[in-house]
Amino acid sequence: MSAAPPRLSGVSVTLDSRLDGVVGGKTAGALKRAFGMRTVADVLSHYPRRYARRGELTPIDSLVVGEQVTIVAKVKHVRERKMRSRGGSILEVVITDDHGDLQLTFFNQSWRAKDLVPGRRGIFSGKVGEYRGGLQFAHPDYVLFGSGEAPERSRSLGVEHQSSAFIDLDASEISAQSYADKPIPIYPATSTVSSWAFARVVSHVLDLLDDLPEPLPRALRESQVLLPYRRAIDRIHRPNSESDITSATQTLRWHEALVLQTALLQQRQQVRALAATARPAGSLLARFDEALPFALTPDQRVVGDSIAADLVGTWPMNRLVQGEVGSGKTLVALRAMLQVAQSGGQSALIAPTEVLAGQHLRSITRMLGPQLAPELMPTLLTGQMSAPDRRRAALRVASGQALIVVGTHALLGEKTTFADLGLVVVDEQHRFGVEQREALREKGTSPHALVLTATPIPRTVAMTVFGDLDVSVIRTMPAGRAGIESHVVPMAERPELFARAFDRAAEEVARGRQVFVVCSAIDAEQGEREDEPGAEVAQPEHVGAPAAPRWGVVQVARLIANHPRLGSARIEVLHGKMPADEKDRIMRSFAAGEIDVLVATTVIEVGVDVPNASTMIVLDADRFGVSQLHQLRGRVGRGGVPGLCLLVTEAPPGSSARARVDAVAATLDGFALAEVDLELRGEGDVLGAAQSGARSSLRLLRVVTDADLIGWARQVAEEIIAEDPTLAGHPGLAAAIERRLDGETRAALAKN
């Protein structure tokens, strides 16, 4: 093992220092590959995800299932086996402390067997689970004691692997007891960079680090009793007590909230410096409103007024409209399109699927009626249209004849141009990335933007709480909606209810109603999936959800055809890999009442409007996200027929997969479900382009639990910006914003 790099005599180590000059080239390379880290700031902002607490060294025979514990044990035996239902292997390691045995389980990490050899001792930390009657840690954190040393001695804090790149730094010896006597930081890790190895890197960096500039104003630190920045960083990474963690975390939450809020306010200032074309309403909207056969709901009226005011403002509108499924968001968007069309401006509505785009076009044309439709010439533009049809549609768009354009990703193509794009409407924004939405907005000159969603995804809710979007909510439903009942069909506890679910479907068909049956795969036996965006990834074998979908549309169609009460029903199959004209034909037939049972994938997730559809059965419901389940449920109960949604799942009670399903069954409130999604999956990348919780740019803040602190930080940021717009008097805050928002992140933020 090579010696540690010498202390950088006379060289200042700051947050902006490059890692290769501080920790050595091999370690810096490993950190860059594993986490994308390049600077000291990147390392120090990679906070522990939890701490192993004092006194957690517990005998195996007294462990309690569900608790997070740390134990000292030795490896008893090791075996590797292939997974039955998919590729890859499972490494099973049995450890013992002479009081009992416990199994460690690692998926596709056979390399660990080189270190976890029989007789090797170490400290193991994880959540106690059960498997086949015994105790288990799945993917635990651990540090091994040095080979040949006394059991209570360890040769390093994580450089167990001879293949590890972490050979630049000194290894230090620790004892099991000292390790147990104070909080142990457990970091987000990878197969190449363990938590223990990363802890050594952090400690090395902190030993060399100069003092840090303060991002928080002195008055704020004193009023909130917050720590100096340097002390907070030290305590969160090297705490001596629980109180160290608490005080450091509170200080750094304030740092994060103020930095992000100030950055968002600066961005809003830049957006409002853009000039937008005013789009005042006129006769088109008046004629449309007069012809409506029903009155707008109070919420539709209020939201419409807000949008109308935005469209005549001096800067581009950037508004999110959240409305429950079936609340009339499309009508609100259409009224905005009519206001834009009054001055010759075009509106582009981008939808995630061909089915939904076609549905939107038909719905818009129907609502416009024979008087207005010819004037606005609603035009469909999708990738699966024939070449001649697509050329004709593109010509109408480019010439400005089509004042309303509805399409899919085809609208983003370089060959699609607009004469005067004034409004971009994005339906179900969680199906489009920031870059895709921006590509459409760039086809106009600072066009207004309107985002429609029935269930805000975590990223959207985060942006909402941070106040960077103007938000409108439609809660009141149009008159005549019969509502929806939702029930979990718990196969793990009551398998006999599976048959009852299809009996209920038969009862609805006998009443002249229609039924959706939704699957997460096209052919489960062949492993053919649709890979719809947002679908949950199943966990291997016994760790969580089933390893593969049990039901595909092929299997379910066969099951229904042989059902004693449904076999004579009119059944059709629909999935995303079918030709566009075939999908459109089937949806038209279902809407016309010519199909009794539609067995489909999530291609019918959004926008499909069949008032006579009364029942939705979702098989393998635990394989879908909260947003998807809420959207799917919204396909029924859209008319005077009461809706019934049956969520069939084999996920056991208490699992995260089952929690998603139970949450959806418990409420129809989209915002409530969004908060559940936040708690289960994370906020998503609030500043950047990623939209899943896996790459969250939030480090310590949690949008749901820290909403009050975030709001408070917003007020502080507003005061700072009002008094010091350039942050000349707040150099520490300005530097923190510059580090947090690199060029790529600033570009992504500008597109939100």
Side-chain angles (χ1 to χ4, degrees), residues 47-76 78 83 90-97 99-109 112 116 121-144 158 160 176 179-180 182-191 193-196 198-199 239 242 245 249 492 536-547 622 651-660 662-663 676 678-682 693-694 696 700 702 705:
Y47 301 125
R49 59 182 171 86
R50 65 176 181 84
Y51 298 85
R53 308 294 180 175
R54 176 183 297 191
E56 283 185 336
L57 298 185
T58 309
I60 289 177
D61 61 0
S62 62
L63 297 180
V64 176
V65 173
E67 288 189 352
Q68 191 77 36
V69 300
T70 302
I71 61 175
V72 173
K74 70 177 178 180
V75 178
K76 188 174 182 180
V78 181
M83 283 190 276
I90 299 176
L91 185 70
E92 296 175 333
V93 180
V94 175
I95 59 175
T96 183
D97 65 353
H99 296 280
D101 293 350
L102 180 144
Q103 179 173 294
L104 315 179
T105 304
F106 302 93
F107 294 95
N108 296 319
Q109 295 187 16
R112 293 187 183 274
L116 293 166
R121 292 175 60 86
I123 302 173
F124 303 86
S125 180
K127 186 174 182 179
V128 183
E130 283 185 301
Y131 178 53
R132 293 181 177 175
L135 299 177
Q136 175 186 251
F137 282 169
H139 286 271
D141 291 297
Y142 62 88
V143 57
L144 299 176
E160 304 90 69
Y179 215 72
K182 61 183 180 180
I184 309 165
I186 305 296
Y187 291 92
T190 70
S191 60
V193 182
S194 70
S195 171
W196 321 103
F198 190 82
E242 297 286 336
I245 299 170
T249 300
E536 296 295 323
V537 178
Q539 298 299 313
E541 297 201 342
H542 55 278
V543 173
D622 48 276
S655 65
S656 60
R658 178 64 174 272
R660 288 197 303 273
D662 289 342
V676 170
L678 276 168
E679 293 166 358
L680 292 175
R681 294 204 303 146
S696 175
L700 291 175
R702 292 297 172 260
T705 56

Is the closest side-chain heavy-atom distance between [X] and [Y] below 4.5 Å?
X	Y	result
I71	I123	no
E92	V94	no
I95	F124	yes
L63	L102	yes
Y131	Q103	yes

[atom2] on [Y] to [atom1] on [X], rounded to 0.5 Å:
X	Y	atom1	atom2	value
I245	Y47	CD1	OH	14.5 Å
S656	D622	OG	CG	9.5 Å
L135	L104	CG	CG	11.5 Å
D101	Q136	CG	CD	14.0 Å

Determine the minimum heavy-atom distance between [X] and [Y], stating which atoms define it.
X	Y	answer
P140	T105	CD-O, 4.4 Å
L91	Q109	CD2-O, 3.8 Å
P183	P185	O-CD, 3.6 Å
L116	V78	O-CG2, 3.0 Å
K127	F137	O-CD2, 3.5 Å
I60	G100	CD1-O, 3.4 Å

task: For the pair F106 and H139, name the ring-plane relationship: parallel under 30°, tilted 30 to 60°, perpendicular over 60°.
output: perpendicular

- prompt: Who are the salt bridge (Lys or Arg N to Asp or Glu O under 4.0 Å) partners of D662, not counting sequence neighbours?
  reply: R658

